[in-house]
Amino acid sequence: MSLAVAGLSHHTSGVELRERLAFTEAETVKALHSLKRELGDGGAVVLSTCNRVELYAYHPDDLVDLRALLRNFLASWHGVVLEDFADSLYEYEGREAVGHLFRVASSLDSLVVGESQILGQVHDAYLLSLAEQTSGKVISELFQRAFAVAKKVRNESNINAGKVSIGSVAVELAASIFSDLAACTAMVVGAGEMGTLALKALIGKGVERVLVVNRTQEKAEALVGACRGEPVALEALPEHLHRADIIITSTASCDYILGAGQLQQALRRRGLRPVFIIDIATPRDVDPQAGELDNVYLYDMDDLKHVAEQNMEARRQEMAHCMRIADRGADVFWEWVRSLAAEPTIVSMSREIHAIRERELAKSLAALPDLSEAQRREVDYLTQRIVNTILRRPMTQLKREVAQQDPSVVLTLVRRLFGLKDAP
């Protein structure tokens, strides 16, 4: 059996490359089914966020080069030449793939270490695979264990102390540029989770005038209800753009929602007063050429790294403890994966012993014709309990042994001892 992950993140690539390889939700569904066809009885999860694109997969045949399968799938699906992103691609297999996912889910690999959004994103990616029936037993167990490890990390550390969301880091960057945020008018484009977090962070910094822009005005109205903000429908964005000193965008749009021409017109209406824009969407919401305009200060996800690194210092001492939790969880899961090699032998062993039980029971019952039907059932149940009790310990120990050493040696010996004929 083979378990692997292939992908790229903010650690290895810029936002432009991540844009080219990102999956929309509709694309993710199609990609899952396409990948599942290549994996056969295996399973897969596609994780695509603003900071990472990763393919997780399991294949029951350990002779399959799963890492090559994933990297080629990523290239062919997006129509990108492999050489264009090979230097940014990371690949992990087996125990290392498990450890990587556990660190990702626990936010130990995030741009903002300790942020909570990634766990929800990993959970959503898994639920989508589950709903599309592309996960399978091993992948499902892998992600369930990842969620448990992430919970343990949060409960047993202070890794999420301080400014721990991309939205809050974006606002920290704005605060470093504007001396008085309370005097600014802010615009949040996108009423999703990122937009909500950014809005809360802005209010926490004293911003009182907030415009919330969303594709559906109803959702924008629901978000601004608690902060006395002003909802704006997305199609009305150009009419209100000139009012904003700070713009934070985080939509799921596949195209730019703000172009250089729109911002140039807004600047003229503002009397060329500067506007500060943080684009935390992937794909990006703002045309990068807008950043070349005078008095437009445009930042994207890559620019947030510097602020995130400063916040990281406050939590660095927690990292070692959190890493140990993730590593221990990965070790335990990998032992379980290795123990799966014993399952065919355990099934054969149980089948063989119960066949012997049934043959001997039939002989005994034939020699005891005076037993009632209830008594015959009780004797049958008694022999089942005896066999199951005898098998329980060696089966449990067999799983432990194959998890800790070469399975072929252990399984070959067991099959000889029990006279099991079929191949393991």
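Given the structure is predicted, the values throughout are model-derived calculations rather than measurements.
Below 30°, between 30° and 60°, or above 60°: for W77 and F73 the angle between ring planes is below 30°, a parallel geometry. A tilted orientation is assigned to the rings of Y299 and F276, their planes being inclined by 30° to 60°.
Around the CG atom of D294, the shell of radius 6.0 Å holds no more than 12 heavy atoms that belong to other residues, nucleotides or ligands. By the 6.0 Å contact criterion, CZ on R95 is enclosed, its count of non-hydrogen atoms from other residues, nucleotides or ligands being greater than 12. More than 12 heavy atoms of other residues, nucleotides or ligands lie within 6.0 Å of CD in E156, so this atom counts as buried by the packing criterion. Atom CZ of R393 sits in a sparse spot, with 12 or fewer heavy atoms from other residues, nucleotides or ligands closer than 6.0 Å. Taking a 6.0 Å sphere around CD of Q133, one finds it holds 12 or fewer heavy atoms contributed by other residues, nucleotides or ligands. Counting non-hydrogen atoms of other residues, nucleotides and ligands closer than 6.0 Å to CD of Q289 gives a total of 12 or fewer.
A donor-acceptor pair is defined here as one N or O able to donate and one able to accept, closer than 3.5 Å; no such pair exists between the side chain of T251 and the backbone of G190. Side-chain atoms of Q262 come within 3.5 Å of backbone N or O of G259 as a donor-acceptor pair. Formation of a donor-acceptor pair under 3.5 Å by the T396 side chain with backbone atoms of R392 is found in this model. A donor-acceptor contact shorter than 3.5 Å is absent between the side chain of R273 and the backbone of H242. Between the side chain of E132 and the backbone N or O of V29, no donor-acceptor pair lies under 3.5 Å.
Taking each heavy atom of L202 and A186 in turn, the nearest pair found is CD1-CB, 3.8 Å. The nearest pair of heavy atoms linking G43 to L39 is O-CD1, 3.3 Å. The two residues S253 and D285 have their closest heavy-atom pair at CB-OD1, 4.2 Å. Nearest heavy-atom pair across E352 and F418 is CG-O, 4.2 Å. Scanning both residues, V296 and L267, for their nearest heavy atoms gives CG2-CD1, 3.5 Å. In terms of heavy atoms, L89 sits closest to A6 at CD1-C, 4.4 Å.
Between L55 and F23, some side-chain heavy-atom pair lies under the 4.5 Å cut-off. A 4.5 Å side-chain heavy-atom check between S13 and F85 finds every atom pair outside the cut-off. Using a 4.5 Å heavy-atom cutoff, the side chains of E230 and T185 are not in contact. In this structure the side chain of L293 reaches within 4.5 angstrom of the side chain of L263, judged on heavy atoms. At least one side-chain heavy atom of I139 sits under 4.5 Å from a side-chain heavy atom of L3. V207 is not listed as a side-chain neighbour of F178, based on a closest heavy-atom distance of 4.5 Å or more. In this structure, the side chains of D279 and V15 stay at 4.5 Å or more apart for every pair of heavy atoms. The shortest side-chain heavy-atom distance between L35 and L69 falls under the 4.5 Å cut-off.
M187 pairs with exactly one of I248, L241, D245 by the side chain to side chain contact (heavy atoms under 4.5 Å, CB included) rule, that one being L241.
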**OP:** Determine, step by step, whether T282 and N51 satisfy the side chain to side chain contact (heavy atoms under 4.5 Å, CB included) criterion, reporting the C-alpha distance in whole Å, the side-chain angles of both residues, the deciding distance to 0.1 Å, and the verdict.
**Re:** CA-CA 8 Å; T282 303; N51 279 322; 5.9 Å; no
**OP:** Kindly determine whether M349 and L398 satisfy side chain to side chain contact (heavy atoms under 4.5 Å, CB included), including the steps that lead there.
**Re:** CA-CA 11 Å; M349 187 193 311; L398 179 57; 4.0 Å; yes
**OP:** Could you walk me through whether K399 and E335 pass the side chain to side chain contact (heavy atoms under 4.5 Å, CB included) test, one step at a time?
**Re:** CA-CA 9 Å; K399 287 185 176 182; E335 286 183 9; over 6 Å; no
Subject >> Trace of the side chain to side chain contact (heavy atoms under 4.5 Å, CB included) decision for W336 with V98 >> reply: CA-CA 12 Å; W336 175 81; V98 177; over 6 Å; no
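Under the 4.0 Å criterion applied to side-chain N and carboxylate O atoms, R20 and E16 are not assigned as salt-bridge partners. Residues E343 and K137 are paired through a salt bridge, judged by an N-O separation under 4.0 Å between the basic side chain and the carboxylate.
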Distance-only check: which donor-acceptor pairs under 3.5 Å involve side-chain atoms of residues 106-114, not counting sequence neighbours?
from	atom 1	to	atom 2	distance (Å)
S106	OG	F102	O	2.8
S107	OG	S110	OG	3.2
S107	OG	G114	N	2.9
S107	OG	E115	N	3.0
S107	OG	E115	O	2.9
D109	OD1	H11	NE2	3.4
D109	OD2	R52	NH1	3.1
D109	OD2	R52	NH2	2.9
S110	OG	E115	OE2	3.0

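Every residue was checked against the side-chain hydrogen bond (donor to acceptor under 3.5 Å, both in side chains) condition with H123, not counting sequence neighbours, and none meets it.
Taken from CG in D87 to CG in L8, the straight-line distance is 11.5 Å, to the nearest 0.5 Å. Separating the CD atom in E91 from the CZ atom in R67 is a distance of 5.5 Å, to the nearest 0.5 Å. Note that CD of Q121 and SG of C50 are 6.0 Å apart. Values are rounded to the nearest 0.5 Å. For the atom pair CD1 (I280) and CG (D300), the distance works out to 11.0 Å, reported to the nearest 0.5 Å. Once rounded to the nearest 0.5 Å, the distance linking CZ of R154 with CD1 of I159 reads 9.0 Å. To the nearest 0.5 angstrom, R284 atom CZ is 15.5 Å from S250 atom OG.
Identified under the salt bridge (Lys or Arg N to Asp or Glu O under 4.0 Å) test for residues 27-48, with sequence neighbours left out: none.
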